[in-house]
Protein chains: 4
Amino acid sequence: MDENTPKDTINAPVRRKRRYDPSRRERIIAVTLEAIELYGITGTSTRKVAEMADVSLGSLTYYFEGINQLIEEAFTQLSLSISNEFRDVLGAAKTREEALIAVVDFIDQKIWGSHSTLTLSFELYTFVTRHPQLKSLPQSWMKQSRAALEQHFTPATARVIDAFVEGIGIHNYFDREPMTRTEIERVIRLIASAE
Amino acid sequence: MDENTPKDTINAPVRRKRRYDPSRRERIIAVTLEAIELYGITGTSTRKVAEMADVSLGSLTYYFEGINQLIEEAFTQLSLSISNEFRDVLGAAKTREEALIAVVDFIDQKIWGSHSTLTLSFELYTFVTRHPQLKSLPQSWMKQSRAALEQHFTPATARVIDAFVEGIGIHNYFDREPMTRTEIERVIRLIASAE
Amino acid sequence: MDENTPKDTINAPVRRKRRYDPSRRERIIAVTLEAIELYGITGTSTRKVAEMADVSLGSLTYYFEGINQLIEEAFTQLSLSISNEFRDVLGAAKTREEALIAVVDFIDQKIWGSHSTLTLSFELYTFVTRHPQLKSLPQSWMKQSRAALEQHFTPATARVIDAFVEGIGIHNYFDREPMTRTEIERVIRLIASAE
Amino acid sequence: MDENTPKDTINAPVRRKRRYDPSRRERIIAVTLEAIELYGITGTSTRKVAEMADVSLGSLTYYFEGINQLIEEAFTQLSLSISNEFRDVLGAAKTREEALIAVVDFIDQKIWGSHSTLTLSFELYTFVTRHPQLKSLPQSWMKQSRAALEQHFTPATARVIDAFVEGIGIHNYFDREPMTRTEIERVIRLIASAE
DNA sequence: GATGAATGAGGGTTCATTCAT
DNA sequence: GATGAATGAACCCTCATTCAT
């Protein structure tokens with residue numbers, strides 16, 4: 001009782017008493033993804049997420065079964081974001097030529113090539129390895145990528161492009177002299193030419 | 001101690017639990033890699049490694065600065081193993097045709113396609129993301145792969161093959177209908193044909 | 001809320017999850033006793049009780065001061081049930097001989113010997129130890145047991161029988177070879193014979 | 001490093017660094033029993049035990065699988081103490097008459113009648129209810145009590161006395177007017193007379 | 001050189017209770 | 001009157017690391 005009574009209006013203690021926060025669940029998920037990007041799954045604790053989301057510790061287990069479910073939902077969202085973005089980029093292409101360029105863009109810098117995306121993907125792959133029930137995440141992600149590519153290429157070609165996107169993205173991440181845009185384009189054209 | 005001490009035969013050559021063991025350091029590293037494969041970095045603790053290596057807990061910090069150094073050395077060894085194996089497989093190829101088949105084998109089942117290798121690679125990639133000083137590991141690994149490939153292909157082709165190996169390995173790991181050997185071979189031949 | 005709201009039949013008498021419920025307080029108490037029997041006081045939480053009673057979480061602190069008051073009321077009810085049952089069983093006896101048999105029945109299987117009753121009694125005894133204001137519960141329970149016995153036996157005998165009932169019930173609960181009905185009857189007759 | 005460096009010898013920080021504490025495990029068990037008596041199992045936490053034993057938190061899980069194993073060991077010790085004490089008291093009796101008096105003493109005040117013992121017994125009974133693997137504790141305790149009694153009485157009588165001891169102890173604990181020593185003695189003699 | 005008992009910060013989670021609606 | 005989202009202290013336990021022997 002005492003601790004809630006402000007001595008005077010000036011020194012009133014700042015007490016976080018945020019009730020009614022309708023988008024709380026979504027914010028927690030988004031913040032979790034940020035935490036994973038910043039600190040890795042290893043460094044992502046309930047306490048850190050709660051603090052980053054400006055939320056009490058109890059909120060996490062109020063909305064989620066446990067930290068694993070939280071991570072799963074965060075990854076689900078990540079997976080959706082990436083594959084939707086790929087779909088959008090490819091979907092905007094009207095001709096086969098535009099599609100080719102869109103793929104190159106996707107690798108080169110726009111999405112897949114980004115530090116953030118790759119970092120999160122590595123975390124996801126590693127996590128899926130230990131939690132096989134999440135295999136559906138990269139699976140449906142791959143499925144959607146290929147569906148988007150198949151609007152412009154044959155299934156076989158789509159598959160090869162998809163795999164190349166994956167591989168070159170990772171290699172460029174580590175490589176001190178990443179493959180140039182010109183070279184990427186040459187490869188994509190080569191693959192596409194084989195249909 | 002008591003239970004291991006022979007009561008009356010003073011010089012009896014009793015096998016102590018922790019016997020004289022010159023290769024202890026190496027064994028700890030090897031066991032750490034096993035632990036990472038089995039439980040992930042997250043699930044690999046000093047206690048578990050010590051127990052698996054049949055070594056005292058103190059040994060770990062006696063031989064290594066800390067658990068991170070231990071993991072780093074384990075990954076260094078992993079990196080060496082994989083790239084050496086790739087070098088050997090490629091090195092055994094006498095003709096360009098044999099080299100092509102060797103690459104297909106490498107992807108298809110022998111090494112890179114294995115569950116164990118991919119699992120460890122994901123752990124490594126994730127770890128490197130948080131410990132940039134280890135970037136040299138995948139870098140020199142890539143360097144050696146390409147050097148091996150360059151015995152039979154141009155540098156540009158070597159690079160593309162290398163990236164494709166990476167990507168298709170990962171995709172096949174997640175894919176419920178992995179790319180067939182025939183299809184893999186077709187792609188490799190396609191890439192090689194562009195020289 | 002959405003899923004329970006009828007889309008077009010405005011006045012449809014949809015059964016809400018939480019319907020009008022006049023005996024809610026009593027039900028909560030009864031359910032609490034069930035929870036204690038199933039999970040022990042340790043395993044009985046407000047959430048679990050609310051869920052089992054199909055009642056909102058807030059109801060518990062709305063109807064009760066706190067969980068301790070809830071437990072107290074549950075135990076009060078338990079105490080009443082058991083002692084009333086004992087009173088009824090004894091009250092139905094018309095002769096001293098029938099009373100003897102009734103006591104044997106009470107121990108042997110009917111009430112006191114039951115797993116459920118003993119489980120709850122242990123919980124109660126333990127709880128009373130930490131909340132002395134509840135000592136009146138076993139006290140009035142004992143008082144009523146003796147009053148029922150005194151319809152057929154002297155106070156001194158009633159007391160001894162009562163204590164024996166307590167002791168043999170507990171021992172038979174743990175004993176792998178419980179005391180037989182014949183033997184129980186022999187003891188009761190022995191005690192009764194001393195008047 | 002900084003925090004360990006004393007600024008001067010006078011203000012050297014007091015750091016509990018108790019290494020080598022050979023009886024630590026036993027002390028933790030003993031302290032746990034004290035904690036259970038004082039606060040009940042419900043109120044006995046790892047933190048409280050660690051503090052009471054002047055031991056670090058980690059020591060508890062270093063020596064015990066978890067808090068349940070700790071409680072089990074504490075109860076095992078309790079069970080041993082009580083039944084040994086009963087054995088000793090009875091064992092000191094040379095004649096049947098002395099044995100009778102020993103039993104009365106045991107109930108009346110010495111051991112079983114004590115607040116402490118009954119409190120712990122209630123906790124034990126309640127705990128066993130939820131952890132059936134501990135049923136052997138009260139079982140072997142009963143077994144030993146009867147063995148001690150059978151030095152002076154027939155098995156049937158031993159069993160009845162044992163049950164009566166249990167029941168009267170509990171009832172006297174709750175009763176505002178406990179059974180007098182004289183009355184207890186009368187009952188014991190009555191039971192013994194039936195052989 | 002080698003050990004393993006000891007440490008304590010930090011992990012995930014549960015809980016009774018509060019209170020704006 | 002009744003709700004349930006929100007709180008934060010406290011729970012048990014794991015961990016890398018230290019250090020007296």
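In what follows, every heavy atom counts, from backbone to side chain, and hydrogens, waters and symmetry copies are set aside. Each chain gets a letter, A, B and so on, in the order its sequence line appears, and its residues count up from 1.
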Asks: Go through residues 65-72 of chain C and report each residue with a non-hydrogen atom lying under 4.0 Å from DNA chain E, sorted by number.
Replies: C:Gly66, C:Ile67
Asks: Using only atom types and a distance under 3.5 Å, with no angle test, would you say the side chain of B:Ser45 pairs donor to acceptor with the backbone of B:Lys48?
Replies: yes
Asks: Do D:Glu73 and D:Gln69 have a side chain donor and acceptor closer than 3.5 Å?
Replies: yes
Asks: Roughly how many Å is it from CD in A:Glu51 to C1' in F:dT7, rounded to a whole number?
Replies: 16 Å
Asks: Taking the six-membered ring for Trp and the single ring otherwise, decide whether the centroids of B:Phe75 and B:Phe127 are under 6.0 Å apart.
Replies: yes
Asks: Rounded to the nearest 0.5 Å, what's the gap from CD1 on D:Ile29 to OG on D:Ser23? Could you check?
Replies: 11.0 Å
Asks: So which nucleotide from E:dG1, F:dT3, F:dT17 ends up closest to the side chain of B:Tyr62?
Replies: E:dG1
Asks: Without decimals, in angstroms, what is the distance between C:Leu60 CG and F:dG1 P?
Replies: 16 Å
Asks: How long is the span from the CG atom in D:Leu33 to the CG atom in D:Leu120, to the nearest 0.5 Å?
Replies: 5.0 Å
Asks: For DNA chain F, what are the stems built from at least three Watson-Crick or G-U pairs in a row, each pair having both distances below 3.5 Å?
Replies: E:2-21 with F:2-21
Asks: Would you find more than 12 non-hydrogen atoms of other residues, nucleotides or ligands less than 6.0 Å from B:Glu51 atom CD?
Replies: no
Asks: Side chain of A:Leu57, heavy atoms from C-beta onward: which of F:dG8, E:dT17, E:dG8 has the nearest atom to it?
Replies: F:dG8
Asks: Between A:Gln133 and A:Glu72, is there a side-chain donor-acceptor contact under 3.5 Å, judged purely by atom types and distance?
Replies: yes
Asks: So, D:Ser59 side chain and D:Val55 main chain: donor-acceptor pair closer than 3.5 Å or not?
Replies: no
Asks: When you measure from the side-chain N and O atoms of C:Tyr63 to the phosphate of F:dG1, is any distance below 4.0 Å, counting only OP1 and OP2?
Replies: no
Asks: Go nucleotide by nucleotide along DNA chain E from the 5' end; which of B:Thr61 and A:Gly58 gets its closest nucleotide reached first?
Replies: B:Thr61
Asks: Just so I know, are the side chains of A:Thr44 and A:Ile71 near enough to count as touching, which here means a heavy-atom distance under 4.5 Å?
Replies: no
Asks: Short of 4.0 Å, heavy atom to strand atom, which residues of residues 35-47 of chain A count as contacting DNA chain F?
Replies: A:Arg47
Asks: Send over the distance from C:Ile28 CD1 to F:dA2 P, rounded to a whole Å.
Replies: 10 Å
Asks: So B:Met52 and B:Tyr39, do their side chains get closer than 4.5 Å, heavy atoms only?
Replies: yes
Asks: Ion pair present between B:Arg130 and A:Glu123, side-chain N to carboxylate O less than 4.0 angstrom?
Replies: yes
Asks: Distance check needed: E:dA9 C1' versus A:Lys48 NZ, whole Å only.
Replies: 13 Å
Asks: Figure out the CZ/P separation between D:Arg24 and E:dG4, and round it to whole Å.
Replies: 17 Å
